[in-house]
Novice: 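Take a look at the following structure, please.
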Amino acid sequence: MSLTAPRAEAVPGDRGTPPPRTPARRRQALGLDHGAWFLLLPALLPILVLSVGPLLYGVALAFTDEQAGRTESADFIGLLNFTDLRHDSLFWESFRVGLVWACSVTALQFALALGLALLLNQNLRFRWLARTLALVPWAMPEVVVGIMWRLVYHQDAGILNRTLSQLGLIGENVDWLTNLSLALPAVVLVGVWAGMPQTTVVLLAGLQNVPHELREAAEVDGAGVWRRFTTVTWPALRPVVLAITALNFIWNFNSFGLVYVLTQGGPGSETRLPMLFAYEEAFKYGQFGYAAAMGLAMIAVVAVLLTVFLRNRLKEEER
Amino acid sequence: MSAAPTPAKAPRARRARRAAGRAGQYVALACYLVFLAFPLVWLLSTSFKSPQELASIVPTWIPREPSLENYRLAFEAHPLARSALNSLLVAGSAALISVAVAVPAAYVMVRHRSPVSRAGTAWILISQMFPLVLIIIPLFLILRNLQLINSLPGLVLVYVVWNLPFSLWMLQGYVRAVPPTLEEAAAVDGAGRLRTLTGVVLPLLAPGLVATLMFSFVTAWNEFFFALVLLKSPERQTMSVILTHFVGAEGVADLGPLAAASFLATLPSLLFFALLQRRLVNGMLAGAVKG
């Protein structure tokens with residue numbers, strides 16, 4: 001964040017004398033006058049009322065037994081939802097699936113996106129095509145991405161089985177999305193495909209920050225491709241890598257639409273991410289309080305990561 | 001040019017290694033192109049195939065007799081046109097409202113650094129991180145009390161709030177690029193803050209405004225989770241929700257219309273991205289670097 005923007009309130013002359021305590025002065029404790037508030041509120045109010053408010057309400061709901069069909073108000077039940085959650089093996093299963101999914105998608109996304117970003121940073125022919133194509137998943141609704149990959153994975157009419165059997169790699173057609181051991185990897189691949197654009201763009205931005213002179217100097221000194229990458233490119237890229245990886249992990253852990261369309265969480269609960277489980281609990285079985293507790297438990301995971309992420313980010317900014 | 005040794009001076013072994021490296025890069029790029037493109041090609045190809053061709057045992061890459069039959073069937077099977085209109089209305093109004101509200105706020109947040117601005121920026125980050133289920137349950141209850149469940153205005157409201165953080169973020173970047181000296185000149189001429197904003201900043205912001213508008217539109221157009229939870233009757237549902245009805249009806253016969261409807265649902269976003277690609281990437285790059 002740039003710190004160069006001038007403070008509108010700063011008056012250069014009177015730095016030495018403490019300002020008199022007038023009402024106007026006190027209002028400026030928040031650094032804003034009437035006019036500024038007037039411009040800010042149309043955005044702040046909806047955010048407060050429909051975003052911060054519901055979030056707090058949601059946290060409160062986690063300690064109640066709110067259900068869909070209830071007419072009377074919900075009762076406060078303390079930590080009961082959380083003790084239930086602790087013994088809910090299906091929840092832990094979804095949690096495990098969520099972690100496996102988020103880790104593998106994030107890692108593969110990063111590896112593939114880094115490769116693509118490095119290639120796009122080179123002066124190659126057809127890189128405009130790759131650049132355009134790399135952005136396409138971003139423009140597509142996640143539902144369409146899910147449907148599209150269902151068509152690719154389709155047992156009889158899908159292109160994947162056809163290609164694999166033509167290459168002689170499989171004897172008979174595989175039903176990727178209902179196979180117990182293949183469903184999760186198949187879904188992970190879709191997650192990687194869908195999430196590559198952001199990662200690639202951010203890494204490309206990071207690469208453009210790598211000083212050219214340094215790389216050229218390293219080349220003159222006879223450093224090979226790998227040495228140049230580890231000593232020049234990677235250190236410059238590190239802050240960006242950290243940010244995008246933390247964010248990707250959180251997004252992936254909280255994702256819903258893709259897997260909902262691809263497998264609905266099946267077969268069994270092989271691909272049932274925490275969000276799918278919480279969605280079913282809330283809107284299929286009407287257990288609002290319980291589902292809210294699940295949301296909180298998911299935040300706990302995210303919060304740990306957020307702390308690490310923000311602490312590192314603040315360190316970067318202090319430099 | 002660089003100070004690196006020119007190919008002519010380099011020993012033959014190094015030149016060979018260079019060439020091999022180049023070739024390797026092209027092979028890698030080709031792999032990426034295939035990985036990125038083949039699902040799309042398949043979607044398009046499937047959407048143009050006749051039912052007989054779809055039912056054949058060995059699927060073909062390119063339709064032998066391309067037809068628009070699937071597109072016709074798609075509109076017959078489900079209220080697709082209606083849902084497209086719904087999506088258009090919801091995404092359009094959500095984008096307009098959120099950007100209209102975000103512009104003055106972004107301006108204040110950039111020009112008047114204060115705890116409020118900082119809290120706003122922090123919220124932008126934080127709001128990306130919590131699981132939507134924690135916010136949709138209370139929203140569902142609130143909107144139900146306001147009789148706004150299963151209504152498009154209710155969804156617009158949700159999307160406006162959902163778009164706001166990102167719109168604020170994008171617009172802050174564009175506002176920062178406006179030189180403050182111009183505003184100071186306007187202030188010297190006696191223009192108030194609102195006049196400065198509308199007369200000086202807004203015209204300079206126009207390209208950024210368009211980009212933010214389009215991005216908000218696409219986000220809302222593509223959104224699925226809120227729409228799935230909040231909209232119940234098919235004639236009110238948006239396109240992404242209607243598409244899942246195609247999936248629900250299992251069977252090979254439906255693959256064609258499913259592909260056709262899916263491609264149609266992607267068209268507006270693809271068009272916008274095609275128009276906006278460069279600006280969007282640059283905006284994202286700027287955001288990612290300056291954060």
Side-chain angles (χ1 to χ4, degrees), chain A residues 1 5-8 30-32 35-36 39-40 42-43 46-47 50-51 54-55 57-58 61 116 119 122 124 126 130 133-135 139-144 147-149 151-152 157 159 162 201-202 205 216 219-220 250 254 256-257 261 275 278-279 282-283 288 291-292 295 298-299 302 306, chain B residues 2-4 25 28-29 32-33 36-37 39-40 42-43 46 54 59 101-102 104-105 108 110-116 127 129-131 133-135 137-139 160-161 164 180 193 222 224-225 229 240 243-244 247 252 255 258-259 262 265-266 269-270 273 277 281 284-285 288-291:
Chain A
M1 200 153 302
R7 283 184 74 103
L30 284 174
L32 295 169
L39 295 176
L40 260 183
I47 288 183
L50 282 164
S51 176
L55 187 67
Y57 185 9
L61 277 172
L116 185 57
L119 281 174
Q122 301 282 324
L124 294 180
F126 301 113
L133 274 175
L135 282 178
M140 297 181 78
E142 55 180 350
V143 173
V144 173
I147 290 173
M148 186 173 72
W149 278 89
L151 297 172
V152 169
I159 192 61
R162 197 216 150 178
V201 167
V202 171
E216 276 156 16
E219 200 173 352
V220 173
I250 291 162
N254 292 337
F256 174 81
V261 174
M275 266 293 281
Y279 164 80
F283 296 102
F288 288 146
M298 287 167 69
I299 279 197
V302 166
L306 183 64
Chain B
S2 72
Q25 287 177 345
L29 193 65
Y32 273 109
L33 287 179
L36 292 166
L40 282 170
W42 192 243
L43 178 74
T46 309
L54 276 170
V101 164
V108 170
V110 170
R111 288 290 184 255
H112 304 272
R113 321 214 110 253
S114 82
V116 182
S127 66
M129 304 197 178
F130 45 73
V133 73
L134 204 58
I135 203 162
I137 297 172
L139 265 182
V160 166
V161 178
L164 261 177
R193 182 159 23 207
N222 290 355
F224 175 58
F225 185 64
V229 172
S240 34
L243 284 179
T244 60
V247 180
V252 179
L255 289 183
L258 176 63
S262 298
T266 316
S269 327
L270 279 184
F273 263 65
Q277 199 217 73
V281 170
M284 287 297 294
L285 292 184
V289 175
K290 292 174 197 137

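Residue numbers start from 1 in every chain, and the chains themselves are labelled A, B, ... in the order their sequence lines are given, proteins ahead of strands.
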Novice: Looking only at heavy atoms, what is the nearest atom pair of A/V152 and B/P39, with distance?
Specialist: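 Nearest heavy atoms, A/V152 then B/P39: CG2-CA, 3.8 Å.
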Novice: With A/N254, which residues qualify under side-chain hydrogen bond (donor to acceptor under 3.5 Å, both in side chains), at least two apart?
Specialist: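 Partners of A/N254 by the side-chain hydrogen bond (donor to acceptor under 3.5 Å, both in side chains) criterion come out as none, since no residue qualifies.
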Novice: Judged by atom type as modelled, is there a donor-acceptor pair below 3.5 Å linking the side chain of A/Y57 to the main-chain atoms of B/P138?
Specialist: no
Novice: Side chain, backbone, both or neither: which part of A/M275 has a heavy atom under 4.5 Å from chain B?
Specialist: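 Only the side chain of A/M275 comes within 4.5 Å of chain B.
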Novice: Looking only at heavy atoms and a cut-off of under 4.5 Å, which of A/I299, A/L55, A/L116 has the most pairs with chain B?
Specialist: A/L116
Novice: In terms of heavy-atom pairs under 4.5 Å with chain A, which of B/L270, B/V133, B/L139 leads?
Specialist: B/V133
Novice: Give, as side chain, backbone, both or neither, the part of A/L61 having an atom under 4.5 angstrom from any heavy atom of chain B.
Specialist: side chain
Novice: Which atoms of A/I147 come close to chain B, meaning under 4.5 Å heavy atom to heavy atom: side chain ones, backbone ones, both, or neither?
Specialist: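 Contact with chain B: side chain only.
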Novice: Taking all non-hydrogen atoms of both residues, which atom of B/L36 and which atom of A/A130 are closest, and how far apart?
Specialist: CD1-O, 4.2 Å
Novice: At a 4.5 Å cut-off on heavy atoms, which part of A/A278 comes close to chain B: side chain, backbone, both, or neither?
Specialist: both
Novice: Among B/W42, B/F224, B/F130, which residue has the highest count of heavy-atom pairs closer than 4.5 Å to chain A?
Specialist: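 Sorted descending by pairs with chain A, the first entry is B/W42.
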Novice: Check step by step if side-chain contact (heavy atoms from CB on, under 4.5 Å) holds for B/V160 and B/V101.
Specialist: CA-CA 9 Å; B/V160 166; B/V101 164; 5.7 Å; no
Novice: In terms of heavy-atom proximity below 4.5 Å to chain B, should A/L151 be classed as side chain, backbone, both, or neither?
Specialist: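 The answer is both parts of A/L151.
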Novice: Looking at chain B, which one of A/P42, A/G58, A/G295, A/P54 has the largest number of heavy-atom pairs inside 4.5 Å, strictly under?
Specialist: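 Most pairs with chain B among the choices: A/P54.
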Novice: Identify, with sequence neighbours excluded, every residue that meets side-chain hydrogen bond (donor to acceptor under 3.5 Å, both in side chains) alongside B/S269.
Specialist: B/N222
Novice: With the side chain counted from C-beta on, respond yes when B/L40 and A/M140 share a heavy-atom pair under 4.5 Å apart, and no when they do not.
Specialist: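 B/L40 reaches A/M140 side chain to side chain.
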Novice: Side chain, backbone, both or neither: which part of A/F283 has an atom under 4.5 Å from a heavy atom of chain B?
Specialist: side chain
